[in-house]
Amino acid sequence: MKKKWVVAAKRADFTAIGAHFGVDPVIARIMRNRGMTEISEMETYLYGTKSSLHDPHLLKDADKAAAILGEKLRAGKRIRILGDYDADGIQSSYILLTALRRVETAVSGPRQSRVDAVIPDRVRDGYGLNEHLVTKAWEDGIDTILTCDNGISASDQIQRAKELGMTVIVTDHHEVPFEEKEGVRREILPEADAIVNPKQADCSYPFPDLCGAAVAWKLVQVFYEQEGIPAAEADGFLENAGFATVTDVMDLVGENRILVKEGLKRLRQTRNKGMRALMLQRNLDAETLKCYHIGFVLGPCLNATGRLETAQLSLELLMCEDEKKAAVLAKEVIELNESRKRMTERAAEEAARIIDENGYGSDKVIVVFLPDCHESLAGIVAGRIREAYGRPAFVVTRGEDSCKGSGRSMEAYSMYEEMCKCRELFLKFGGHPMAAGFSLPEENIDVLRRRLNAETTVSEDDLQPKVTIDVPMPVDYLREDLVRQLELLEPFGKRNEKPVFADHDLEITGLRICGKEKNVVQMRLKSAGGMERDAVYFGDPENLRLSLEEKYDMVVARDTINGRCVHHASLDFIYYPEIDHYYSTPRVKLRISDFR
């Protein structure tokens, strides 16, 4: 879909703010565009450290949960951690398992550990805590179940665990289920012995948008303090919390931004043998690691194990203390991810065919049934559909006992809330405003499609993809020192997106298409003031050709795209400036993301 370009219009004294921090006014403008108004906010954004994080004791039930865990370890009771099969759940399980075993050794001395971790099998067990896992824990002699990255929606299962005499502690970050009567919402909380979830209405924690691993880390901070273990040991889990914050696509604002900054620092020097093996086999230089590498290189490898086999493999990798074994596990994890990629491509192609043949692309909310798609790929395919059609998307697959699905949304559509409007159609569901998972009978799929589209309040304008331009900045203004200052704004991610710049009427004076897939367009662009810049566009050259044809004609478009830049053709470009170190003298290069 064609994107609508809008310019951010927030105002402030950018010159004064820039002078206060010793940065270019452009940096000040970008911070204002990210919603910051106070100097103190900007100070934390630019220079916040671990000391800026909130007190973990503010989390409701954190002290209570820590006290229960300490009591159980001293009594020699068996504790089972029940995690989730995505990267956040894997990292949460690692944090809690490592921490509990550390305290167990401190209070009981070296012995066979009575703490273990089980991550559900996506296909056999489904998401989160279920009765089968509860029964198995009881049969295994487990005294205490400790959930992480799940449990807040498992009221029935936790009730069953209590009936069997087990203690249950929930750590989670997902939305709290609710029911609404006469305009009043009432939370539906499980009857656990302690619930640590900052999204509870009566939790006083100032920042509710932590990921599951960050919640687990906060609990460990309280637990270690209670047990007299140095705080520096708890800080060792910052790399795991930061990693999970990125992979779970949390908003990179407030505490999350600091968690990722601090996590990246530690990941670059990680001593975790499994993580180092994974980086090595993915040909990553640990010292230059960025959010991109977590979100698109390392994170998908951990996620792939939970999608196609068992996430226990990734947990085993993180827990591994032998370098040779870690290398073998890392290779297996990477091979699973490559298999996942191939399966995803086939499923996405099939989804596009079904959507186009049935006219679903004109629906405000797309629901597509892919009976033969591996259920673990539904979320990825839903994300592809959302990007391709500019619509919230639900992908449903056929499971053993029922159909299962995942949804991916956009800012204008709160997916979890919309699903609550037709909760009776689901056997089980949960999630966030931007993503959700569910199961339902096959006969309800068409009903779900009709209901979601009939009851949604989003308009076509809401659904049109938009690009918000931070600064309409002539390329003539770009200097190397300004480009380097942009690094202060990192790490980039959701709600702290990479800044967007634009310039108009840039003449294409040179163009060549390269790359194995012919999807890299190298260009030379000249501004109205005569400044020339190198630029690169990673994408289908046909998109560029169509924009040239729309503005000029077929001949100009054909000649320009074939490198015959004799027509002085120009377009408006959206770009991000980077330092190109290819030449002996570094120079500014433009990374193009859109044009018209």
Side-chain angles (χ1 to χ4, degrees), residues 1-9 26 29-30 33 361 387-390 461 464-480 482-483 486 492 497-596:
M1 291 183 67
K2 256 192 152 179
K3 297 175 181 175
K4 181 179 180 181
W5 293 13
V6 294
V7 177
V26 166
R29 180 167 179 168
I30 292 166
N33 288 347
E387 294 302 316
Y389 294 88
D461 185 60
Q464 183 182 9
K466 299 178 180 67
V467 177
T468 301
I469 297 165
D470 285 294
V471 188
M473 187 165 68
V475 296
D476 310 59
Y477 185 75
L478 289 171
R479 306 176 312 279
E480 188 175 332
L482 170 57
V483 178
L486 292 174
F492 299 128
E497 288 81 4
K498 186 177 283 191
V500 177
F501 302 98
D503 198 2
H504 62 88
D505 287 333
L506 294 177
E507 181 185 342
I508 302 172
T509 60
L511 185 149
R512 69 186 174 90
I513 298 170
C514 51
K516 183 180 178 181
E517 306 296 328
K518 297 298 180 185
N519 60 350
V520 181
V521 183
Q522 299 280 0
M523 290 177 279
R524 187 77 173 162
L525 304 178
K526 185 168 75 172
S527 72
M531 170 70 73
E532 288 202 84
R533 299 283 189 187
D534 289 329
V536 61
Y537 168 64
F538 293 96
D540 189 348
E542 180 68 4
N543 297 330
L544 185 62
R545 190 194 68 77
L546 289 172
S547 289
L548 286 164
E549 185 175 316
E550 183 178 349
K551 184 173 181 179
Y552 296 100
D553 56 40
M554 191 181 298
V555 173
V556 172
R558 182 197 61 209
D559 286 350
T560 305
I561 209 74
N562 286 327
R564 294 190 294 275
C565 304
V566 295
H567 302 284
H568 304 288
S570 64
L571 292 172
D572 301 337
F573 287 92
I574 284 179
Y575 69 89
Y576 184 80
E578 298 176 335
I579 303 296
D580 188 348
H581 294 279
Y582 179 78
Y583 301 95
S584 55
T585 302
R587 62 175 69 175
V588 175
K589 188 171 187 175
L590 312 179
R591 183 176 287 240
I592 304 298
S593 58
D594 203 7
F595 33 75
R596 65 181 186 188

ask   = From Met531 CE over to Asp503 CG, what is the distance, rounded to the nearest 0.5 angstrom?
value = 11.0 Å
Leu478 backbone acceptor or donor facing Arg533 side chain under 3.5 Å = yes
inquiry  = Using only atom types and a distance under 3.5 Å, with no angle test, would you say the side chain of Thr509 pairs donor to acceptor with the backbone of Arg524?
reply    = yes
inquiry  = Hydrogens and angles aside, do Asp572 and Trp5 bring a side-chain donor and acceptor to less than 3.5 Å of each other?
reply    = no
Contact summary for Pro541 and Ile561, nearest pair of heavy atoms = O-CD1, 3.6 Å
task = Check Tyr537 against Ile592 and note the closest heavy-atom contact, atom names and distance.
result = CD1-O, 3.5 Å
key: Short side-chain to backbone donor-acceptor contact, Arg29 and Asp470, under 3.5 Å   = yes
message = How about CD on Glu550, more than 12 heavy atoms from neighbouring residues, nucleotides or ligands closer than 6.0 Å, or not?
response = no
task = For the pair Asn562 (side chain) and Arg564 (backbone), establish whether a donor and an acceptor sit closer than 3.5 Å, ignoring hydrogens and angles.
result = no
request  = Please determine if Asp594 and Lys3 form a salt bridge, counting it only when a charged side-chain N lies under 4.0 Å from a carboxylate O.
outcome  = no
task = Over 60° means perpendicular and under 30° means parallel, so classify the ring planes of Tyr576 and Phe501, tilted if in between.
result = tilted
query = For Arg479, what residues pass the side-chain contact (heavy atoms from CB on, under 4.5 Å) criterion, not counting sequence neighbours?
reply = Asp24, Tyr477, Asp481, Leu482
request  = Identify the heavy atoms of Ile579 and Glu480 that sit nearest to each other, and give their distance.
outcome  = CD1-CG, 3.5 Å
task = Kindly give the heavy-atom pair with the smallest separation between Val7 and Pro472, and that separation in Å.
result = CG1-CG, 3.8 Å
query = Closest heavy-atom contact between Asp580 and Lys589?
reply = OD2-CD, 3.4 Å
note = Nearest heavy-atom contact between Leu511 and Ile513 is CD2-CG1, 4.2 Å
task = For Ser570, check side-chain contact (heavy atoms from CB on, under 4.5 Å) against everything at least two apart and list the hits.
result = Asp505, Glu507, Lys551, Tyr552
